[in-house]
Structure formats: C-alpha cells, structure tokens
Amino acid sequence: MRTVQSGASLHDATVVLDDRVILRAVNVVVGPGLTLVRGPNGSGKTTLLRALAGLVPLARGDRRLAGDVLYIGHRPMLLRGLSARENLEFFARFRGGDTRAIDGALRAWGVGEDMDRPVERLSAGERRRASLARVEAERVQVLLLDEPFADLDEAGAVRLRQTIARARDDGRSVVVATHAHPELDDLAKAWIALDDGDATAA
Amino acid sequence: MRTVQSGASLHDATVVLDDRVILRAVNVVVGPGLTLVRGPNGSGKTTLLRALAGLVPLARGDRRLAGDVLYIGHRPMLLRGLSARENLEFFARFRGGDTRAIDGALRAWGVGEDMDRPVERLSAGERRRASLARVEAERVQVLLLDEPFADLDEAGAVRLRQTIARARDDGRSVVVATHAHPELDDLAKAWIALDDGDATAA
Amino acid sequence: MTDTTISRGTPYWMPRIRPWLGIAAAASFVVASVMALFWAPTDAVQGNVYRILYVHVPLAWLAYLAFVVVFLASIGWLWTRNAVFDAIAVASAEIGVLFTGLFLVAGSIWAKPTWGVWWTWEPRLVTTAVMFVMYVGYLLLRGLSTDFSRRATRAAVFGIIAVIDVPIVHLSVLWANSLHQLPTVLRAAGSPALDSSMLLTLMVSLFAYTLIYAYFMSARVSLEVARQVRLWTT
Amino acid sequence: MIALYRIALVAARELRAERRQPDGVVAAVTFIAVLVLLESLVVGPQIARDADVASALFWLALAFATILATMRSFDRELEDDALEGLVALPGGRDALFGGKVLALAMVLVLVATVGGILSLVLLDLPVALPVHLIVVVLLGVLALPPIVIVDVVLALRLRARAALVPILALPVLVPQLVAATRGTSAALSGDAVGALSWAGLLFAFSVVYTVIGLTIVPAAIE
Amino acid sequence: MIALYRIALVAARELRAERRQPDGVVAAVTFIAVLVLLESLVVGPQIARDADVASALFWLALAFATILATMRSFDRELEDDALEGLVALPGGRDALFGGKVLALAMVLVLVATVGGILSLVLLDLPVALPVHLIVVVLLGVLALPPIVIVDVVLALRLRARAALVPILALPVLVPQLVAATRGTSAALSGDAVGALSWAGLLFAFSVVYTVIGLTIVPAAIE
Ligand code: HEM
Ligand SMILES: Nc1ncnc2c1ncn2[C@@H]1O[C@H](COP(=O)(O)OP(=O)(O)OP(=O)(O)O)[C@@H](O)[C@H]1O
Ligand SMILES: Nc1ncnc2c1ncn2[C@@H]1O[C@H](COP(=O)(O)OP(=O)(O)OP(=O)(O)O)[C@@H](O)[C@H]1O
Ligand SMILES: [Mg+2]
Ligand SMILES: [Mg+2]
C-alpha cells in the first residue's frame, strides 16, 4: 500500500451500521488541497467523514492518518453550559496548542460579542460560526467539514469559502461534504462521488 | 386593528429572552402566498417564526391566528424511537385529519424505503425530508418553515421549491426563513427583513 | 486500526464431533442420574432431599465456568477483533444465565425442606441473585445494541467487569452469619469433607454437566457464527 | 371529546416509543428487583422482611422508577425538538400532560404488578388482605405520575434538570409515599380500616394533582 | 505527562460546566437529604438511627446520586454531539474516562461531605471514630465513579439508557456498597480494625476499576 505524506486515507473500508452496509469497500486517499464529497441524501457522506475521523468502527479495511484531524459534523459539537470561547479554549489546549488565536477567530466569525454567552443561547447560525472558528483557532493539518454551510448567512458563506481557500493554499488537507455550492468546484483538487455506499474518486 | 382572513399576525410584539430584547415591537401580517423572512445570523428569524407559532411568550403585544399552523424549525422535530411514518401518522391524527396521504408524501420525498426505520437512524437529509413530508400530509393553512433547505440535496431542494409553489397556489400562507436561495424571490409575495430584532416589511 | 476478522464458518470438525458430544453428554447424564438417585447413600441428617446436591453443585460450578469463559472471550475480542470470540461470549453467557437460573431454583427447592423457606437473605443467596441479574443485564445490553462491532465491544467491556462477581459469590459464605453450606469440596485446607461414594457421584455429575455445557456451546457458537457469516456476506 | 382523543393519541405515541424498547418494562422491573436485593443485603434480612420496611422500600423504588421513566420520556422528546413539534400542534399543549400521565400510569401498573409479586416472593411476605393490597397499590401507583410529570415539565429546559427533578418531586411525593407505605403495610398485616382510609387519601392525592396538572401544565410550557 | 494533562483538561471542562449550574452539587446534596428524611419518616426513627441502617441509606443515596450525576454529565455531552467533538480529538478517547472520573470524584467528595454531615445531624448519630469515618467515606466515594462511568459509556446512545444504567451499575456496585456500609458502620460504632480493613477493600476496588476503565473504556467509545 502507498504511503501518505499528509492527509487521511481509507483502504478497502466497509462500514456496517445497524446490520446494514453503509460504505462498501471504499478506497479514498485525501491529500493536501480541497477534496469535495458529493452525493445525494443518505449516500454515506457523513459516514465517510466519520470513518476518516476514526469515529466509526470499520468492519473491514483500515484507516491511515498523517497529522491531526479536525472534524466538524452536522451539529456544532460544542458543549452546552460553556461559552463559545471556553469551548474553543478547551479544544486548543487539548491539542497542546496555545489559545491566542481564539479571540481573533471568534471575532472574525462575527461572534465576538456573544463569545462569553453559553452556546445553547446562541442562534443556529451563531453556533455554526463559533464551531467554524475552530478551523482558525486550532490550525490542524486535516480538516473534515460536513455540510459546513448549513445555517450560515451570505456573509458567513463568503467567509467560509475564504477560509477553505486559505487552508488549501496553506497545504492543509480539506475535505468538505456539501450539497450545492458549485462555486467550490473551482477550489477543489479532487472529488469523491458517493452513491449508496459506493465511492468513485475523480 | 385589522382582521386577517387566513394567516397569522403579530402586533407590536416584543420578545425578551435572557433579559435581552430579541424582537422589538414587531408588526407582521402574514396572508396567503409566500412570505420570505430574510436577515443575517442572529437577527431573530427563528424567534419571529416561533412567536407566530405561539412557542415563545410575548413580553408585549399580541398574536392573531386564523387557521391551524404547521411549524418546522431548525431541527426536524420527529420523536426518536418512532419511525417516520409513525411520527407523521401521529401528527395527522392529532389534527383530526386522515392518514391516507402519508405514505405517498413520504415516498414522494424519497424516504419511502426508510419510512419504517426509527428516525434517529436516518441521515440528516433523510430526516429533513421526512419532516417536510408533513407539509403534504397535514395540509394546514399556515406553514412556518425555518431554514427548510438545510441538509437537502439538489433533488430535495427542487422538490421543496415545487412544494412551496404549490402551497402558495393553493392559497395557503407560507412563511419561509432562509439564507440564499434567491430563486425563491420569484415566488414570494412579501418580504420581511429582520435586522437585530427590528422588522421591516416589503 | 484493527480489522474485524470473521471466521469463514465453524471449523469442519465441529459438526462432525457434535453428535458424539451429544451422545456422550446424554449417556453420562443417565449414568450420573442413576448414581445420584440410587447408588449414592442417603444422607444421615437430611435424608433423600440432599440428592439435589448432584444437580445444584455441578450447575453452580459450570455457571462459574461459563462466566469465566465470557470473561476470557471478551478479552479475546478486544485483543484480536476476531468475531468468533463474540460468538463464544454470547453463547457462554446465555448458557451461564440458564444454569444460574436452574441452580437457583434447585437451591430454592432444597432450601424449603432444610431451612424452612424458599428464599432467605444471606450472602451466598443474595450474591448469586446479583450475579444472575448482572448477566441478565449483559444480555439486555447486547439486545439493545444495534450493530455488530459496537455490540461486541460494549458487551466485552461489561463481560470483563462482571466476572468479579464470581469470586465474590464463591467467597460470600465466609462472611458472617451464613446459613449456606461452607465449602466442603473446593476448600483450601485439606481434602474434601465428603463421603467417598458421594464424592464420586458428584464428580460423575460434574463430568456429565460439563459435557452438556460443551454440547450447548458447540451448538450455540455454530449458530452465532452462521449468523455472522450471513450478515457479512450480504 | 376531541381533547380526550388527543390525550389518548399522545399516550399511544408514548407507549409505542416505550414498547420499541422491548425491555423497557423489564428494565424497570429489574431495577426494582435489584433495589430490593441491595437494600435487604445492606439493611439485613430481618429488618427487610418487616412489613413496614418492605413497603417503604417498595414505594421508594417505585418512586425512583417513576422519576427515571418520566425523565427518559422527556429526554426523548427534547432530542431534535420533538416536544416543540407536539406543543406547536393545535391543542398540543393541553394534551401533553394527560397523555403522559396516562401512558406512565399504564407502564407503572405493569411495573408495580411484577415488582410487587417479585418483592412478595423474594421477601416471602405473608399477605393478610390481598384485595385491599391491590387497591392500595393501584391507587398509590396512580398518585405518582401526575406530580412527577408536573415537576419534570417545570424543570424542563432548566439546566440542572436531572438533579432538580428528584428535588422538586421527592418532597412533594413524601406525603403520598408515606400514605402508600402505611396503606400497604396495613394491608399486609390485616388492618382493613387502615388500608382503606390510606387508599382514600391516595385517591384524593391523585385527583387533586391530576386536576392541578391539567390546569397549570399547559401554561407552564413554552 | 501529556495524557495526565489532557485528563486534567477534561476534568476542568466538566467541573466548569457543572459549576455553571450553581445548583449541581446543592441538588445532589438535597437529594440525599430528602432520601434520608423520607426513609427515616417511613421506616421509623428507631430503625433509621441504627448505625447499620443509617450507613446503608447513606450509601444507597450516594450510589443513586452518582448515577444521576454521571448520566447528567453525559446527557450534556450528547446534545449537539459535543461528545463526538471530544472523542475526535487526538487522545480524546483516552482522556475521557480519566477526566470524567476525576471530576465526578471531586463533586462526590463535596456531596458526601455535606450529605454526611447532614445525615449525622438529622439523625443525631454518635461518631465513635471520626478519622476512620472520614477515611472510609473518602475511599468509598472514590470507588463509586469508575464503575458508574464505565456503565454509562456502555449504555451510551442505547435507547433504554436511563433504565439500563442502574441495572448494569447497581449489581456491580453491590460489593462496594456492602463494604462501604460495613466500614462506615464500624467507624460509627468504634470498631477500628473493621473500619480499616473495609477501607482497604474499598481502596482495592477503586484501583481495580480505575485500571480496568483506563484500559478498556477507550475501546468502548465510538
Ligand atoms: C436458592 C438457594 C441457594 C443458592 C443460590 C445456592 C448457591 C450455591 C452456589 C453459588 C454454590 C457454589 C459454591 C462454590 O463452590 O463457590 C453452592 C454450592 C453448594 N450448595 Fe448451595 N445454594 C442454595 C441453596 C442450598 C441449600 C438449601 C443447600 C443445603 C442445605 C445448599 C448446599 C450447597 C452445597 C453442599 C454446596 C457445595 C459447597 C462446596 O462444596 O463448596 N445450597 N450453592
Ligand atoms: N434561548 C435563548 N436565550 C437567549 N438568547 C437567545 C436564545 N435563542 C436565541 N437567542 C438570541 O436571540 C437572537 C436571535 O436568535 P434567532 O435564533 O431568532 O436568530 P436567527 O435569525 O434565527 O439566526 P440564524 O440565522 O442563526 O438561525 C440571537 O442574538 C441569539 O443569540
Ligand atoms: N446510526 C445509524 N444507524 C443505522 N443507519 C444509519 C445510521 N446513520 C445513518 N444511517 C444510514 O446510513 C446511510 C448513510 O448515512 P449518512 O448520514 O452517511 O448519509 P449522508 O450522505 O451524510 O446523507 P445526508 O446528505 O442526508 O447528510 C443512510 O441510508 C442512513 O439511513
Ligand atoms: Mg450527512
Ligand atoms: Mg434561526
């Protein structure tokens, strides 16, 4: 098998949930640059990202990883009770990094004023913005973003595209699963088309 | 004050959450046809829809309602443990309607095969589709849809636009809060622009 | 990341020896029953009721064995991710629960004439009941889990923890105010304090129940492996 | 009529979700069994077989089972905002309380029956007045859900929910639990008059709390 | 080192979320107080003041408080998939168990202190060996969280979770609860040797379960 310099890969990976095959012998190699995951509802995009992040047990096959992963799923994954800032500080410290970038990142994402309120009191879009600020606050090599445009307004979507473009230019591996947003195709280097558990790379 | 034939309205409505004013003396009258609610993240769209649906207490002002309301929020609002079909049957029966339309609606929304699986085992988009099938299954006069395009793939979005257009043509009152989707503007009859708790109608 | 290994079916010799295992189990069960009912001498104190011993004690020991097997198979699964270990664990847990239920009932029937009650609150009995509930919980946990590897992993973790109750049941008679028989056979000091023909009968019964356990295991494990194969090939 | 139909619908939905966990009731029963086992182990067999103590344990266990079951029911509702979907229906607010009480009462009757038989057998208790015992247990069981559900609704969306519910519920439950315990113990030991008068008190409790619940719960939900 | 630091971070996050609900600890303490009241009310003051019975009630209440607190902690994590965010971090899986055990043990020490003093005062119990009592209670409290957390992790995302956790946890806790009860009762009534040997057993329990938890819990989380 090949070696991967930076990024993540799945080899012959099969995922079974609820005794149903959700991903079928998938081979995916993600390297630096933007990889887009496309596919209709229920085709297995979320499962693929979770498999890359190691959040789902593989029934067969294996997963390789070079560098740390930042996975943001359909939900914002912030702990209720804590504020956005406290959540991001926890993540950054846990990775052994510093917390200096956090304030700036949250402010840039437009939640500067709300960053000390408990996250459950934020609107859906504000919560999404706070979780996307992690991309700047943690500066991790491999980014896995599942439908990150959901709930974002126009300004937020623009910022997210810039963020993705910048991460790509920095040589980070970015995997984005999303519907629509054809403008992302211009930034992408690779495509993974999912159909009912079968992946085709392009 | 005016009377409303079918639809919902808020008069001088102020909503306070967490000791902060979220909606400020808002006057909104929603009649038959499509009303679009626009505004950046955190401007109060969700709060407005919840106020129309009677889910949020008004600090001042009042709410009028003619006809039943179907409100679908950011989350799909289906009870875990039950299947999509069982959820929809419950809603339809509760309204005193029949359940004949349910199977067809779920099938039309592409969750025909999954309609007997517990909803928590569905993908995000499949869950969204199941909850949108309520629009056809319950046939209620006033529809309040909060960001209904989230998680839908292209085919789902097309279907949703058709559904909205049809509901409008049937003379139902449809209120949709959404970012982007400029193509909806062609269908709309009225616009409510929200900015930090202040509403301007257009 | 470790792969889940699925056996390609039961080893070829399994189905071949199973009938013989069944015959041996049945035969030794008949011999043990005859010995227990007719050959072993009547107890001086208890009369004939004591003969329940030959059911009660072997079943208790085999329940212990079954739960220790669950423990070992659980470690095996976590270590190797070979699905056959999960099959062994579930088979052994089910048989263990069955045997525990049976020796509880047998003990209870024995308790009525000797102690005057069906059930009483004393350490051995309570810890046994707790062990029973624990493994019923183990089976519940399995039943509620949905997909294969999660089920296997969660069950394995619990199977490892639950085994702690086996020594506790065994040692519970040493607690103060125990009504139950103190260790007479498996005791630390010296040889068994039991009449030699009684001891022989007990050993033959133990042998018979061990074969029954082995027979059940081979049948249940094959069934489970077949299910796994069906699941993974569709 | 329509109100009753809606209450029945909510109850049916609840019971269906409950039945999907085929061992839901089994679980609650096992829970009671474990508690009885545990307590008699730590308290000692003589004390545990006392009619007063046995009834007290049974009712405490049942109170916990009620609280757990209710919290589970609302946990399920809070996921994905399902509760909001129900409350947004016309009449949803009013049907919520009645439906939950009905469903929970049915589950608890089952749990109490099996758990009660288990306790009787496990503790080898003599029953002097079986019919009185059934009446007391039934009325005691019916008195539990209204108050627990009211408390859960009040605590809903408050952050310390899981811990708050027992705090709100238990003090209010104390009189009922005392009545149920005394009544059960009277029925076990043959005091017919005592059993019936406690049963009457329990009946009063359940009527009062049900009326309160039907009246104020709709207002308490947003 | 880094592993310990991460465990400390998880514990700190947990404690902070816990502190945000100013009534978290208060809640658990009230819970114990109510239980002690309730039991002494229904069981009768003579029996309730017996050293054995009082210790038994205290430990049962503490076991329930542990289960409730642990379930609440994980409920918070499941909302918005926060737990997944933690587990997806490098080393997150390994730090989870240790961090939760640490945080929960600290909360429980507080709860046990206040709850214990409350029980002593409310039931007017004489304490023969105060230092031994403190040692026993401390070790008993430290023995509770590991096993409860393991069981909550096992039942995570399963449907009958609220009912399954007590069923899985209570039987496993029985030996510890018996040891803690006996040890407490020995310390209350002046049996120094007894108290210390039970304390030793409790220490062994907490070490064994912590090691098991640290070893196998990471495998049990997906
Ligand atoms: C429901 C009631 C009973 C239960 C749950 C029970 C449980 C057990 C268990 C778990 C063992 C295995 C002991 C070990 O080796 O660790 C055992 C053994 C034994 N039981 Fe019972 N028992 C019950 C009633 C009785 C009664 C009524 C008697 C006789 C009066 C009795 C006599 C014995 C004897 C003689 C042994 C073998 C002890 C040895 O050699 O170690 N049991 N019982
Ligand atoms: N439960 C709550 N408690 C306190 N404040 C809240 C609560 N929910 C929302 N808010 C605040 O109210 C304001 C409006 O929120 P709302 O959810 O209505 O916005 P929105 O327009 O729907 O935003 P989005 O586009 O992100 O969905 C936001 O500033 C938010 O922080
Ligand atoms: N927990 C689960 N148990 C069983 N099946 C599941 C589970 N989660 C998802 N599935 C099924 O797996 C398939 C793929 O789901 P997945 O969430 O990966 O799809 P997706 O491509 O992300 O869809 P979407 O666009 O709707 O987000 C779907 O058919 C879904 O029903
Ligand atoms: Mg998805
Ligand atoms: Mg919104």
Side-chain angles (χ1 to χ4, degrees), chain A residues 8 15 17-18 46-47 49-59 65-83 85-97 99 116-122 124 127-128 130-131 134 138 140-144 146, chain E residues 1-25 27 69 72-100 102-103 107 153 156-159 216 218-222:
Chain A
V15 171
L17 291 179
D18 221 6
T46 299
T47 310
L49 262 58
R50 284 167 48 84
L52 283 168
L55 287 170
V56 113
L58 301 183
L65 206 62
D68 282 353
V69 171
L70 170 55
Y71 164 68
I72 300 180
H74 280 285
R75 300 272 192 90
M77 301 183 159
L78 303 174
L79 185 66
R80 312 206 146 193
L82 300 191
S83 68
R85 189 217 299 264
E86 287 167 331
N87 264 295
L88 266 68
E89 277 173 2
F90 169 77
F91 288 124
R93 291 218 178 92
F94 200 96
R95 292 194 191 271
T99 56
D116 289 315
R117 294 173 57 215
V119 288
E120 71 271 24
R121 310 275 175 85
L122 301 182
R127 245 190 322 251
R128 168 72 53 187
S131 82
R134 290 181 62 191
E138 292 169 42
V140 160
Q141 275 309 308
V142 183
L143 297 175
L144 306 174
D146 196 357
Chain E
M1 264 327 288
I2 178 85
L4 287 184
Y5 173 64
R6 284 173 172 165
I7 287 179
L9 278 176
V10 173
R13 168 171 173 270
E14 180 77 26
L15 288 174
R16 177 171 285 166
E18 189 73 37
R19 209 182 37 195
R20 278 301 145 71
Q21 317 157 353
D23 23 37
V25 174
R72 178 163 47 133
S73 149
F74 278 90
D75 274 343
R76 199 161 43 208
E77 296 276 8
L78 286 181
E79 279 282 348
D80 280 336
D81 289 343
L83 184 63
E84 213 155 67
L86 169 54
V87 171
L89 292 172
R93 219 176 276 266
D94 303 301
L96 178 70
F97 176 79
K100 292 272 181 197
L102 202 62
V107 169
V153 168
L156 218 62
R157 289 185 197 284
L158 297 189
R159 288 210 238 121
I216 60 182
I221 312 166
E222 301 95 22

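Counting all heavy atoms, side chain and backbone alike, F91(A) lies closest to L86(E) at CE2-N, 4.5 Å. Closest non-hydrogen pair, R93(E) versus L55(A), comes out as NH2-CA, 4.4 Å. Closest of all the heavy-atom pairs between M77(A) and D81(E) is CG-O, 3.5 Å.
Note: R13(E) CZ to E89(A) CD = 13.0 Å, rounded to the nearest 0.5 Å. Note: E14(E) CD to L82(A) CG = 9.5 Å, rounded to the nearest 0.5 Å.
For the set R127(A), E138(A), R95(A), the count of heavy-atom pairs under 4.5 angstrom toward chain E peaks at R95(A). Options V119(A), L70(A), L79(A), V69(A) differ in how many heavy-atom pairs under 4.5 Å they form with chain E, and the most are formed by L79(A). Here V10(E) is the residue among V10(E), L83(E), I2(E) with the most heavy-atom pairs under 4.5 Å with chain A.
R16(E) is not listed as a side-chain neighbour of F90(A), based on a closest heavy-atom distance of 4.5 Å or more. When side chains are defined from C-beta on, D80(E) does not count as touching E120(A), because their heavy atoms never get closer than 4.5 Å.
The backbone N or O of F94(A) sits less than 3.5 Å from a side-chain atom of R6(E), completing a donor-acceptor pair.
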